[in-house]
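So you know, we letter chains A, B, ... as the sequences are listed, proteins then strands, and number each from 1.
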There are 2 protein chains.
Amino acid sequence: MPGRVLGILSGDPHWRLHAGIRGRMATINDVARLAGVSISTVSYTLSGNRSIAESTRNRVVTAIQELGYRPNAGARMLAGTRTRIFALTAPVRPDTQAGVLMSFVLAVATAARKIDYDVLLLTADEASTGLERVTSSRLADGIIALDVSLDDERMSLLRALNIPATVIGVPADTEGLVCVDLDFERAAHLAVSRLADLGHRSIGLLGLPRITYDWGANYPLRFRDGFLGAVAERDIDAAMVMPASDMDSIRRGLDELFSTLPNMTALVMHAGESVQTTVLEILAARGISIPGQLSVISACAVFDTSEFTPPLDEIPLSAEDSGTRAVELTIRQINGDRTPHVDLLPPRYVERGSTGPAPIREP
Amino acid sequence: MPGRVLGILSGDPHWRLHAGIRGRMATINDVARLAGVSISTVSYTLSGNRSIAESTRNRVVTAIQELGYRPNAGARMLAGTRTRIFALTAPVRPDTQAGVLMSFVLAVATAARKIDYDVLLLTADEASTGLERVTSSRLADGIIALDVSLDDERMSLLRALNIPATVIGVPADTEGLVCVDLDFERAAHLAVSRLADLGHRSIGLLGLPRITYDWGANYPLRFRDGFLGAVAERDIDAAMVMPASDMDSIRRGLDELFSTLPNMTALVMHAGESVQTTVLEILAARGISIPGQLSVISACAVFDTSEFTPPLDEIPLSAEDSGTRAVELTIRQINGDRTPHVDLLPPRYVERGSTGPAPIREP
DNA sequence: CTGAAAGCGCTTACAG
DNA sequence: CTGAAAGCGCTTACAG
């Protein structure tokens, strides 16, 4: 099958610039006439769904460029089997970090564009209605759901609607769903094993605000449980604090870690950007050197920890990876493979010099 | 003209739940047959574009509900003159605050849904191509451009394409464009006049990071110039600092303000959320009481300053207001009124007790 | 390798 | 107040 014709219009369609939205756009008929072929030939040239003689193909492509032709989206949706649109639902809950959400939204949109799909944004107040609306009006071919909470009303609807959909995140009940997310549990194990290998026997975990664990998404729990499991397996001393975002809480959280773990030589942070920078400021103010006295790892952050002072080793939560995979999984469903499954992306470790051998304890 | 029929499906379309995306959806023909009318009557019932006998209307509505009918989006786009889709361009530049951007994206989407429009998200790497693509393929009826920089490549394209478009923000050259934004200059005047009325004669401005003024959007400049103009008019002592986001810079910035303005009794902040909370923490640590010793106003923030310690008076930058207005202005253009203009939204003052009379100076 | 034609599901003059 | 019908611009069997 010959490749599809893409990017034909990268030139400079003067014609179009002066047509405006009210102006009559060139149609497939105009192209066919100018190229001296039938409209089916034009259509097949564009879709690549049947072979076209080289010379014919050239005439068509030239005509398309000359006219600045773009297929009409509505006509395509109506005549074809695809709308080439994904709907993206991104509810904003009280504890949502807007910046993190935006990263995922952009990652999904960018991944979608790579396969010539567009992304339609569903708003919070339309969480469930919107899903029903865009699919039954055939506006979207599939759905990508962000920021899934443990018990999410959208999940049962996705199951019932029985349409191509991918969830970024892992709800409590994944039955019948296609989900993708970083493997937070393995990420926690990775952090602990890295530190264990360096000889650390006493590790603190500075987590997200307590409320996030009680209610909302489940990735905080998966990370926490992974961490607790990993330290238990290795017989490492550990403690966890869940401070709010203000400086006082953070300071108290650190104090608690240091007093619970007097021999603490390593700190793992699974927390927001401002919390992490605040921690580093407090440590610096106290004259605690990294990694000399304390090894520090930032885990599952979407933001960039390479510009921190000091730059931190991290196990990134890559919005790009999740978004790309979500798009792949959705397309696969659109193409007919509706097997439900949970896809946990393997964590990776990025070294930046904020971890080192555990300091030798004075007896 | 009778109202359009909306929300017919708010019930529970069992039918649809079992159809799936592959299942055959009810069409306008099915509805017409069941209601015993022609398809034009169904169409007009939905659009409200001609009057329908009450009894006919009822039969149609019942049939629609019974079948769980939703008009096919592609067919509507093709047959009608509207796609009911806005394209939203939101480029992410290095200095972009993702959270702020997300607020605007959601505000636009929410406002759009209120008039039954959907929002298609254009990605950064497609800034200009995307505009051309969605309009010439007639995917979108109009464009809303976010986060406009002073010299934005998208602006000349918007002028050339000559399509319904609204810019949120004010680029350097507004010729031929429709723009909407908070009136940052008046916002600055409002802050200063409020403080002046309370007797303050020495006011500091803590602004955004310096780089934001050198490059990027122009609202920081408009606020700064408004502030400087307002204090000049009133013969008030003033100084401005533009700290980076780390604690050291903020501390140095405050020190600079206090030393430049030894009699400073009021502080206006036009800065990010974490910067503002850090400022409050530093002031608290130094035992400076608000508003006893220092009156503080947060200006043009999209985040919520009511939960700060203490809650701050603010002149909000309302994403909702801008988004709603942008949607209105775009629809107006779609409806034929293409008059270019710049719409500056009036600022409003929200009191929360962080400003008070200027303390009387000891002689 | 290519064309003529049916059909996708609506909207909107046109006619009564 | 309502209906029959043209037409929007594509995709895709069907035919050769």
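- In this structure, C:dA13 forms no base pair with any nucleotide, since neither Watson-Crick nor G-U wobble geometry is met with both distances under 3.5 Å.
- Contact annotation: A:Arg76 side-chain N/O to D:dG9 OP1/OP2 distance is not under 4.0 Å.
- Between A:Ser43 and D:dT11 there is a side-chain polar atom (N or O) within less than 4.0 angstrom of OP1 or OP2.
- In this structure, C:dA4 forms no base pair with any nucleotide, since neither Watson-Crick nor G-U wobble geometry is met with both distances under 3.5 Å.
- Here A:Ser40 does not reach the OP1 or OP2 of C:dT2: none of its side-chain N or O atoms lies under 4.0 Å away.
- At least one side-chain nitrogen or oxygen of A:Thr41 sits closer than 4.0 Å to the OP1 or OP2 atom of C:dG3.
- Formation of a donor-acceptor pair under 3.5 Å by the A:Arg138 side chain with backbone atoms of A:Met77 is not found in this model.
- Judged by closest nucleotide on DNA chain C, B:Gly74 is the one of B:Gly74 and B:Tyr44 placed further toward the 5' end.
- Note on B:Ser51: a side-chain N or O is less than 4.0 Å away from OP1 or OP2 of D:dC1.
- Checked for salt-bridge contact, A:Glu54 and A:Arg57 miss the test: no charged N lies under 4.0 Å from a carboxylate O.
- Listed pair A:Asn49 / D:dT12 meets the phosphate criterion, a side-chain N or O lying under 4.0 Å from OP1 or OP2.
- Between A:Arg113 and B:Glu126 there is a salt bridge, since a side-chain N of the basic residue sits under 4.0 Å from a carboxylate O of the acidic one.
- Smallest separation of non-hydrogen atoms from A:Ala111 and A:Val327: CB-CG2, 3.7 Å.
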